[in-house]
Amino acid sequence: MAASKRTLFVRGLRDGLPIGLGYLAVGFTLGIAAKRAGMTALQAALTCFLTNASAGGYAGITVIAENGTYLTMAVMILVANARYLLMSAALSQKFSTDTPLIHRFLIAYEITDEVFGVEIASPGFLRPAYVYGVFVLPLLGWGGGAYLGVVMGNLLPVSLVSALSVGLYGMFLAIIIPPARKSRIIAVLVILSMAFSWLCGVIPLVNRLSEGTRIILLTVLIAGAAALLFPRKDGENASDEKEAPE
């Protein structure tokens, strides 16, 4: 039994290696943002290690930089990471009913888009040993990348640090461009989101709200309106589910 668990763990490490390398790069850019927010290398590493989310981590760092409230941070991260609730529900069906509750809690801690994609595509029931192997390297990539981002940010020239911080925006573009190319509705919503975000920054009274509060309001309003006006058909959902594992 021990050998079987070891084999599963090693296979998980292999499948998680590309994710860990990708998170190392993203964590580095998050570390640069954390440095600009006044955080130390250890604080940035712990933040990314415990948050395990690019958008959610950046949202939290943004609130810290603005000296925002804990409530603003909690709501902003909740909105940014709401998709993980659905991923958790779907992934729970991949475990045997006799999987101990403690394993379920620990596994839920490291559900990210890429980790979810690897695990949901795995045939049959998932074993905890395999899942732990999958998320070891991504966890180290998040925390280690953030730590290096702060440390290297202190050593590199200011101009180069500013250039590297653009990588964070590149990450977000990589998230929104593929679905926008497939759906005209999503493309329009992305453009409207950018336009409304700019307008909220110049409209009197509204521009006095913190950036985090404006993002929360825009996300809820635009996403809610899109869900009401352009509901997805059952056939579209089924198609996406078939493509997701790839």
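Side-chain atoms are counted along with the backbone in the values below, which use heavy atoms only and exclude waters and symmetry mates.
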Count I, L, V, M, F, W, Y as connected when their side-chain heavy atoms are under 4.5 Å apart, and connections chain through other members. Are Val115 and Leu85 then in the same cluster?
no
Would you kindly confirm whether Leu71 and Ile77 end up in one hydrophobic cluster when ILVMFWY residues are joined by side chain heavy atoms under 4.5 Å apart?
yes
The test is side-chain contact (heavy atoms from CB on, under 4.5 Å); show your working for Lys94 and Phe125 and say whether it passes.
CA-CA 5 Å; Lys94 292 282 293 181; Phe125 282 125; 5.6 Å; no
Over 60° means perpendicular and under 30° means parallel, so tell me whether Phe49 and Tyr109 are parallel, tilted or perpendicular.
tilted
Working to the nearest 0.5 Å, report the span between CZ of Arg36 and CD1 of Ile64.
15.0 Å
Looking at Arg11 and Ser122, what are the two nearest heavy atoms and their distance?
NH1-OG, 4.4 Å
Glu110 side chain reached by Pro138 side chain, heavy atoms, under 4.5 Å:
yes
Ignoring hydrogens, what is the shortest heavy-atom contact between Gly144 and Leu24? Give both atom names and the distance.
C-CD1, 4.2 Å
Atom CD in Glu66, atom OG1 in Thr72: separation rounded to 0.5 Å?
9.0 Å
Side chain to side chain contact (heavy atoms under 4.5 Å, CB included) partners of Leu192, counting only residues at least two apart
Val188, Phe196
Please give me the minimum heavy-atom distance between Val26 and Trp142, naming the atom from each residue.
CG1-CZ3, 3.6 Å
Under a 3.5 Å distance rule, please check whether Gln43 uses its side chain to pair with a backbone N or O of Thr40 as donor and acceptor.
yes
Report whether Trp198 and Ile203 are members of the same hydrophobic cluster (ILVMFWY, side-chain heavy atoms less than 4.5 Å apart, transitive linking).
yes
Mind checking the SG-CG spacing from Cys200 to Leu218? Nearest 0.5 Å is all I need.
4.5 Å
Counting only N and O atoms by type, is there a donor-acceptor contact under 3.5 Å from the side chain of Lys35 to the main-chain atoms of Val151?
no
Contacts of Leu13 meeting side chain to side chain contact (heavy atoms under 4.5 Å, CB included) (sequence neighbours excluded), chain-then-number -> Phe9, Val136, Leu137
Would you please name every residue forming a side-chain hydrogen bond (donor to acceptor under 3.5 Å, both in side chains) with Asp98, sequence neighbours left out?
Ser96
Testing the basics here: between Gly143 and Ala45, what is the closest heavy-atom pair and its distance to 0.1 Å?
O-CB, 3.5 Å
Would a 4.5 Å heavy-atom cut-off, applied to side chains only, mark Thr47 and Met39 as touching?
yes
Residues forming a side chain to side chain contact (heavy atoms under 4.5 Å, CB included) with Leu46, sequence neighbours excluded
Leu42
Would you say Phe135 has more than 12 foreign heavy atoms packed within less than 6.0 Å of its CZ?
yes
Looking only at atom types and distance, does a side-chain atom of Ser197 sit under 3.5 Å from a main-chain N or O of Ser193, one as donor and one as acceptor?
no
Output the distance between atom CE (Met87) and atom CG (Asn81), rounded to the nearest 0.5 Å.
9.5 Å
Less than 4.5 Å apart, any side-chain heavy atom of Phe95 and any of Val131?
yes
Rounded distance [0.5 Å steps], SG in Cys48 versus CG in Leu139:
11.5 Å
Residues two or more places apart in sequence or in another chain: which of them pass side chain to side chain contact (heavy atoms under 4.5 Å, CB included) with Leu106?
Ile102, Tyr132
To the nearest 0.5 Å, what is the distance between OG1 on Thr69 and CE on Met76?
11.5 Å
What is the minimum heavy-atom distance between Ser92 and Ala89, and which atoms define it?
OG-O, 2.6 Å
Applying side-chain hydrogen bond (donor to acceptor under 3.5 Å, both in side chains), can you list everything that pairs with Asp15, at least two apart in sequence or on another chain?
Tyr130
What I want to check is whether the side chains of Thr112 and Tyr23 have a donor and an acceptor closer together than 3.5 Å.
yes
Do Leu140 and Val10 belong to the same hydrophobic cluster, where Ile, Leu, Val, Met, Phe, Trp and Tyr are linked whenever their side-chain heavy atoms lie under 4.5 Å apart, directly or via other members?
no
How close do Thr99 and Pro128 get, heavy atom to heavy atom, and via which atoms?
CG2-CG, 4.2 Å
Give a yes or no on whether Leu221 and Met194 share a hydrophobic cluster (residues Ile, Leu, Val, Met, Phe, Trp, Tyr; joining criterion: side-chain heavy atoms under 4.5 Å apart).
no
